[in-house]
Amino acid sequence: MNKIPFFTEKLLDWYQPDERPLPWKAIKNPYFIWLSEIILQQTRVQQGLPYYIKFVEQFPTITDLAGASQDEVFKLWEGLGYYSRARNLHAAAQMVRDDYAGVFPSTYPEIRALKGVGEYTAAAIASFAYDLPYAVVDGNVYRVLSRFFGIDTPIDTTAGKKEFRLRADELLDRNNPAVYNQAIMDFGATHCTPKAPKCETCLHQKQCVAFRENRVMNLPVKSKKIKKRSRYFYYLVLNKGTKIYLNKRSEKDIWADLYDFLLIELEQQVEGLFLMDALQKTSHWKTWFGKQKIVIDSISGIYKQTLSHQNINAIFIEIQLDASFFVENKDLIVIERKKIKNFAFPKIITNYLEAKKA
DNA sequence: AAGTCGGGGAC
DNA sequence: GTCCCAGACTT
């Protein structure tokens with residue numbers, strides 16, 4: 001029996017498993033645990049919970065998920081963001097089906113090798129599903145450890161990641177990795193929070209370096225500051241009778257594998273009388289429409305969406321095409337408008353579609 | 001090592 | 001407005 005560090009002893013003493021009941025706790029099904037961990041990457045429990053419930057209901061086993069179409073998986077993921085998670089989720093399910101006969105792998109290296117599973121997620125699955133001694137290091141853990149030990153090494157550097165990983169491994173209760181990992185994340189999520197941490201009632205107050213030195217609000221440290229660029233999207237919503245044209249987005253940009261409309265992007269915001277003139281001058285317009293005359297049905301106001309690295313500004317231009325009209329673009333698909341609910345769109349598109357309906 | 005990938009909630 | 005959330009991947 002290893003000696004348990006003081007920090008760990010106090011943490012386990014604090015932890016009350018039933019205080020924050022969640023459907024992926026107190027289960028050992030590795031598929032459900034994996035699913036919950038992917039959904040919760042960079043996502044608050046509150047936001048991810050309804051998605052977890054939907055996935056479990058629609059795909060009771062990982063083989064069910066593997067057998068779904070990509071459009072089905074994306075539709076269920078719609079609105080949650082970071083859509084590469086959905087693509088990797090689907091691919092990993094097929095890996096488990098094809099390489100492991102549908103049985104979720106049970107060793108850390110095998111779990112870590114699944115698409116979309118990094119160090120954190122592999123440790124979480126290994127400990128929660130299989131009681132293997134791997135310490136999780138997520139945003140909660142960075143915050144708790146940086147404060148308790150007064151570590152100001154930036155967490156978004158190679159040195160910082162290594163330092164916190166070593167520290168986390170020392171603190172892990174190797175006899176009870178699942179409970180320890182749950183406890184430290186719950187503590188960070190409910191007690192040692194980013195803003196307004198509950199230091200006054202904290203059991204660690206006397207030993208917490210950050211509290212003693214009045215540095216709680218300065219930890220953890222991040223070195224990088226993100227820069228945002230603004231983009232200006234002009235969506236041509238093509239309608240022909242009861243049909244509508246959709247575009248499936250390619251891999252290189254935001255919203256890969258989601259659907260949107262025919263898009264012209266300009267370097268700046270253009271409004272009012274200048275808009276159609278600016279659009280018709282673009283090479284895109286000339287390629288798609290040639291010299292055919294386009295009749296504009298309506299032009300929306302500016303829809304805005306903030307992404308982690310971009311500010312998106314979008315204007316939607318409704319166009320009714322004549323039956324004889326031809327659009328030179330092989331990537332477009334034409335569907336019945338009433339089937340639009342089967343396709344997954346970025347939030348800014350669903351916002352527009354909702355507003356149009358009303 | 002730096003950049004990129006969403007969306008929402010708390011302040 | 002800013003920060004950051006049960007991070008991972010690409011270049």
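Numbers restart at 1 for each chain; the letters A, B, ... are given by sequence-line order, proteins then strands.
An OP1 or OP2 oxygen of dT10(C) is reached within less than 4.0 angstrom by no side-chain nitrogen or oxygen of Lys115(A). For dC5(C), one of the phosphate oxygens OP1 or OP2 lies less than 4.0 angstrom from a side-chain nitrogen or oxygen of Arg143(A). Listed pair Thr121(A) / dA8(C) meets the phosphate criterion, a side-chain N or O lying under 4.0 Å from OP1 or OP2. Using a 4.0 Å cut-off, no side-chain N or O of Lys227(A) falls inside it from OP1 or OP2 of dG3(B).
Rounded to whole angstrom, the span from the CZ atom of Phe187(A) across to the C1' atom of dA6(C) amounts to 16 Å. Following rounding to the nearest Å, Tyr83(A) (OH) and dC5(B) (P) show an atom-to-atom distance of 13 Å. Here dG3(B) presents its C1' atom at 11 Å from CZ of Arg229(A), a figure rounded to the nearest Å. Atom C1' of nucleotide dG3(B) and atom NE2 of His309(A) are separated by 6 Å, given to the nearest angstrom. Between the CD atom of Gln42(A) and the C1' atom of dA8(C) there is a distance of 9 Å, given to the nearest Å. Following rounding to the nearest Å, Lys222(A) (NZ) and dC3(C) (C1') show an atom-to-atom distance of 8 Å. Between the CG atom of Leu258(A) and the C1' atom of dG6(B) there is a distance of 10 Å, rounded to whole Å.
Of the residues near DNA chain C, Pro194(A) and Gly116(A), the one whose nearest nucleotide (by heavy atom distance) lies more toward the 5' end is Pro194(A). Sequence order on DNA chain B of the closest nucleotides to Gly81(A) and Asp156(A) puts Asp156(A) first from the 5' end.
Listed candidates were dA8(C), dG6(B), dC4(C). Nearest to the side chain of Tyr120(A) is dA8(C). When distances are taken from the side chain of Gln41(A) to each of dC4(C), dG6(B), dA8(C), the shortest belongs to dA8(C).
Within 4.0 Å (heavy atoms only), Trp24(A) reaches at least one base atom of the nucleic acid. Nucleic acid contact class of Ile226(A) (heavy atoms, under 4.0 Å, all strands): none. Across all strands shown, Asp253(A) has heavy atoms under 4.0 Å from sugar-phosphate atoms exclusively, and none from any base.
In this structure, the ring of Tyr31(A) has its center no less than 6.0 angstrom from the ring center of Phe104(A). Between His90(A) and Phe74(A), the distance separating the two ring centers is not shorter than 6.0 angstrom.
For dG8(B), the base has no donor-acceptor partner in the side chain of Thr306(A) [N/O atoms by modelled type, under 3.5 angstrom].
When only modelled atom types and interatomic distance are considered, Arg337(A) and Asn239(A) share a side-chain donor-acceptor pair under 3.5 Å.
Linking Ile, Leu, Val, Met, Phe, Trp and Tyr residues whenever their side-chain heavy atoms come within less than 4.5 Å places Ile27(A) and Tyr51(A) in a single cluster.
In this structure, Arg147(A) forms no cation-pi arrangement with Phe211(A), as its terminal cationic atom is not both closer than 6.0 Å to the ring centre and no more than 45° off the ring axis.
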